[in-house]
Amino acid sequence: HGTPFPWAHHLQEGPGGVECIVCWVEVEGRDLAGSGTLLNKIYTELYITEGQSEEVDTQHEVRQLERISKKNIQDTPIKCQDIFKVLSEQQGHIRVVLTNGVAGVGKTFSVQKFSLDWAEGLENQDISLVLPLSCRELNLIRDEQHSLLSLLHVFHPTLQKIRAEDLTKTVWKLLFIFDGLDESRFSLGFNKHQVISDVTQVSSVDVLLVNLIQGNLLPSALIWITSRPAAAYQIPPSCVDRITEVRGFTDSQKEEYFRRRFSDEDLSKRIISHIKASRTLHIMCLIPVFCWITAIVLEDMMTREQRGELPQTLTDLYSHFLRELTKADKKLLLKLGRLAFEHLEKGNIMFYSEDLERCGLDVSEVSVYSGVCTEIFKRERVIFQKSVYCFVHLSIQEFLAAVYMFHCYTINKRIIESFPKYLKPNDFFRFVGLVDYDPVISLDGFLMRALMKSLKSENGHLDFFVRFLHGLSLESNQRILGGLLDQMENHPETIQKVLNNLKEVNSDEISPDRSINIFHCLMEMKDQSVHQEIQEFLKSEKKSERRLSEIHCSALAYLLQMSEEVLDELNLQQYNTSDEGRRRLIPAKSQSLTHYFCFIHNRLSGSVLSKSHCEVVASAMTSNPSHLRELSLSKNQSLTDAVVKLLSSAMMHPNCRLETLSLSEISCDSLASALRSNPSHLRVLDLSWNKLKDSAEKLLCGAVQDPLCKLETLRLSHCSLSEISCDSLASALRSNPSHLRELDLSLNKLKDPAVKLLCGALQDPLCKLETLRSVRDDPVLSQVFSPHKYDFL
């Protein structure tokens, strides 16, 4: 601490008299002079769980934060220092650990705390050598050739004495840490690559990394990889012994953080109280870096005379965070804003010298690394005469990108030609789809163009950017930022037009998940009307009488997802809204909040249930835990074979607890396989109003005869059953064991031969049927029924 770089080497005597690098010590709020808070002083235990969702989550990371903010009783917590320890008899040797977590949630801090505890002799003393290799630094040599040994010599000069035979000594236990896989700019080819087993053999970085993970190189070495969720798929599950997820701070850990940061107990209580009052701030404080930003802003506002309310929105908070910028910083910040914007579109969160130079940033300027800039933009390390840069958190990059784009808009409106070339609004024209200069584009037109572009993003990577844009349209936030933004005269009617546009956005091309961000844009503009109206709606006893707009449905979907309670029923037909409104409600299922979910599609005015909707349903069926017990998709004309296969596959998932299923217009191939799955929880299957072919009926009845099938009720009303179909049914009724207790054959025009086949089955002693529903008053059939055994309706 106090050296020209934000880490310090602690040397200790290693095996064989070799000096070993131990770790670096992170500081919070650091600058190059070394001021800041040491990791050990501020570090608060993070909530880490073993295991993760099986599906790749590519949504915006704040949406993922909302998911992980809901602690699940079935989560298995694990301490950072225990990730390589065998914790149960079912687990074998733990060699490769993959740790997931959204940006800024504490993955790197966990790595640093693990290393620091080891260095100080507190934990994991069986490990001989800890070797951290940051992926953002490995990018710098992605086109070079190295051996594993030379790679270590280059990145850790203190290991120059290490020889090849030292690394392969069985008495040594090595730990390689590859931090930030999502930041790597090289691809990992696990299927086609050169096999390397010699630490002196030369190859590319990606090949060395793959061979280390697979165990071809140093098979006894431990490997720890950290990554954001969307990039973790690069590592095949077969190569990983344990998956963990860093979930940031729990509610109690958030409070502990602020208590440890402030010696003034009253101040920490006031800050904690304010955060709890804001759902957005409370969720974001899962992230340690966001806690740091919040602490800086609220401490400043609470300890000096400040008029006005404390920040409630993210735009408010970030504007206050940057409010102390001087005019001298303006051009520099706008250059950083351009860097942030251009790379946000590309999905990059780290930058190199050439990236900065393309945006007009002189990397030799001392001002880049001084003042407030060091709090939002940092130089990670200098290696190979190259520097690696990043914003302290993705949301800072998104905010500065929005500031830059809003600045471009104001330039366009004021026609200021005196700005330097790199600040001319070319990015603005391109982003909002303007080919030529347009001096008359209105604020509402600009924001609507930006919003529609963000809504077309599959993963929502521009969601926060657009939320910040809307927040910056308020004069109050422009005033807070002072000289950074030229304040505009926004008439109340202009702001009202922006708000009305948000409330009226309606497009079949917008996914329900994206449409929720429209509601967040309203909140950033401090319009609480939709939120208040939905709160009143939820309290109302006459919900069906109140008409809901599309934006109401988006807000309701968000509130249902964020509810702390499991919803007993979500029946879309109960809501008085349009087809588009009901479609926007579908995300409410994705968090598995429903115990019973009813979606009777023939009552939705002819709208269609798409494959993407069914993917959300399937996700609810396979989540852990899954509360979904009943699913009704009756008379849906758009259930393709692919959709039914998707749902059937979800039924076979071990997490699925579905007990009642109603489908129509389907084929039975994949459904029959689901009925044979182990365990099968399905007890009621309603296939009424399906024109079932004989082959499909045969498959279905074959599945019913399977010992694993526990189906008790089968409804085949109006299915145009033939004699062949009834023969298959008769075989199923005679099967041993037969769990079927209720059979509905109503509205089928059964001919005598078919009836006789069923009669024979009903008389079989193996048949356990208790209820048969039919509209046919056939004397042959009625003779078979004993009033004590059957209920003939």
Side-chain angles (χ1 to χ4, degrees), residues 278 280-281 284 290 292-302 304-341 344 359 361 367-368 370-377 391-414 416 419-420 423 425 427-428 431 443 446-447 450 464-491 494-495 498 520-521 523-526:
S278 170
T280 300
L281 299 185
M284 288 295 290
F290 190 83
W292 168 66
I293 294 172
T294 304
I296 290 175
V297 171
L298 295 184
E299 179 186 22
D300 181 61
M301 296 185 71
M302 288 180 176
R304 66 183 175 91
E305 291 187 7
Q306 169 93 15
R307 293 185 178 182
E309 63 178 4
L310 294 173
Q312 297 285 342
T313 69
L314 291 179
T315 311
D316 274 352
L317 188 77
Y318 280 75
S319 297
H320 279 288
F321 182 57
L322 298 181
R323 81 184 188 286
E324 295 178 359
L325 295 175
T326 63
K327 292 182 179 180
D329 289 316
K330 179 174 180 177
K331 290 184 180 180
L332 174 62
L333 262 292
L334 289 175
K335 294 174 188 178
L336 284 175
R338 180 180 177 183
L339 177 76
F341 171 75
L344 182 64
C359 293
L361 283 161
S367 59
V368 174
S370 65
V372 72
C373 291
T374 58
E375 296 192 349
I376 63 170
F377 191 70
F391 291 97
V392 293
H393 188 252
L394 175 61
S395 58
I396 290 287
Q397 181 178 345
E398 292 166 317
F399 180 72
L400 274 181
V403 169
Y404 169 74
M405 183 53 62
F406 206 90
H407 172 73
C408 287
Y409 170 72
T410 59
I411 292 178
N412 179 46
K413 291 296 293 181
R414 296 171 185 271
I416 298 176
F419 269 79
L423 286 179
D427 288 327
F428 166 72
F431 183 76
L443 176 65
F446 159 56
L447 292 176
F464 250 45
F465 165 75
V466 169
R467 285 167 65 172
F468 283 134
L469 273 182
H470 282 80
L472 289 170
S473 69
L474 299 181
E475 291 184 28
S476 58
N477 285 324
Q478 294 170 21
R479 285 196 301 271
I480 294 170
L481 286 169
L484 187 58
L485 276 183
D486 293 325
Q487 198 165 337
M488 299 173 57
E489 272 188 43
N490 291 331
H491 298 293
T494 302
I495 296 299
V498 175
H520 285 303
C521 289
M523 300 297 283
E524 288 299 321
M525 293 188 70
K526 301 182 180 179

*Do you know which two heavy atoms are closest between L472 and S319, and how far apart they sit?*
CD2-OG, 4.3 Å
*asked:* Using side-chain heavy atoms (C-beta onward) and a distance below 4.5 Å, is L317 in contact with T280?
replied: no
*Report the residue from F468, F399, F406, F465 that forms a ring pair (Phe, Tyr, Trp, His ring centres under 6.0 Å) with F341.*
F465
_To the nearest 0.5 Å, what is the distance between CD on E398 and OH on Y318?_
8.0 Å
_I want to check something: taking the side chain as every heavy atom from C-beta on, are L400 and L339 in contact at a cut-off of under 4.5 Å?_
no
_Apply side-chain contact (heavy atoms from CB on, under 4.5 Å) to residues Y409 and L447 and explain how you reach the verdict._
CA-CA 10 Å; Y409 170 72; L447 292 176; over 6 Å; no
*Taking atom CG of L344 and atom CZ of F391, what is their separation to the nearest 0.5 Å?*
10.0 Å
*Quick one: pull up CG in L281 and CD1 in I293 and give me the separation to the nearest 0.5 Å.*
11.5 Å
*Taking the side chain as every heavy atom from C-beta outward, state whether F446 and M405 have any atom pair closer than 4.5 Å.*
yes
*Run the side-chain contact (heavy atoms from CB on, under 4.5 Å) check on T410 and Q478 step by step: do they pass?*
CA-CA 12 Å; T410 59; Q478 294 170 21; over 6 Å; no
*Kindly compute the distance separating NE2 (H320) from OG1 (T294), expressed to the nearest 0.5 Å.*
12.0 Å
*Begin from the C-alpha positions of L314 and F464 and carry the test side-chain contact (heavy atoms from CB on, under 4.5 Å) through to its verdict.*
CA-CA 9 Å; L314 291 179; F464 250 45; 3.2 Å; yes
_I'd like to check N477 versus I480 (side-chain heavy atoms, cut-off strictly below 4.5 Å). Are they in contact?_
yes
*Set of side chain to side chain contact (heavy atoms under 4.5 Å, CB included) partners for T313, sequence neighbours left out*: T315, D316, E524, K526
*asked:* If the condition is ring-ring contact (aromatic ring centres under 6.0 Å, His included), which residues does F290 pass it with, not counting sequence neighbours?
replied: none
_Note, L298 side chain near P311 side chain (heavy atom, < 4.5 Å)_ = yes
_Once side chain to side chain contact (heavy atoms under 4.5 Å, CB included) is applied, do any residues pair with M525, and if so which ones, sequence neighbours excluded?_
H470, S473, L474, I495, V498, L499, L502
*Run the numbers on F321 and I396 for side-chain contact (heavy atoms from CB on, under 4.5 Å), then give the verdict.*
CA-CA 10 Å; F321 182 57; I396 290 287; 3.9 Å; yes
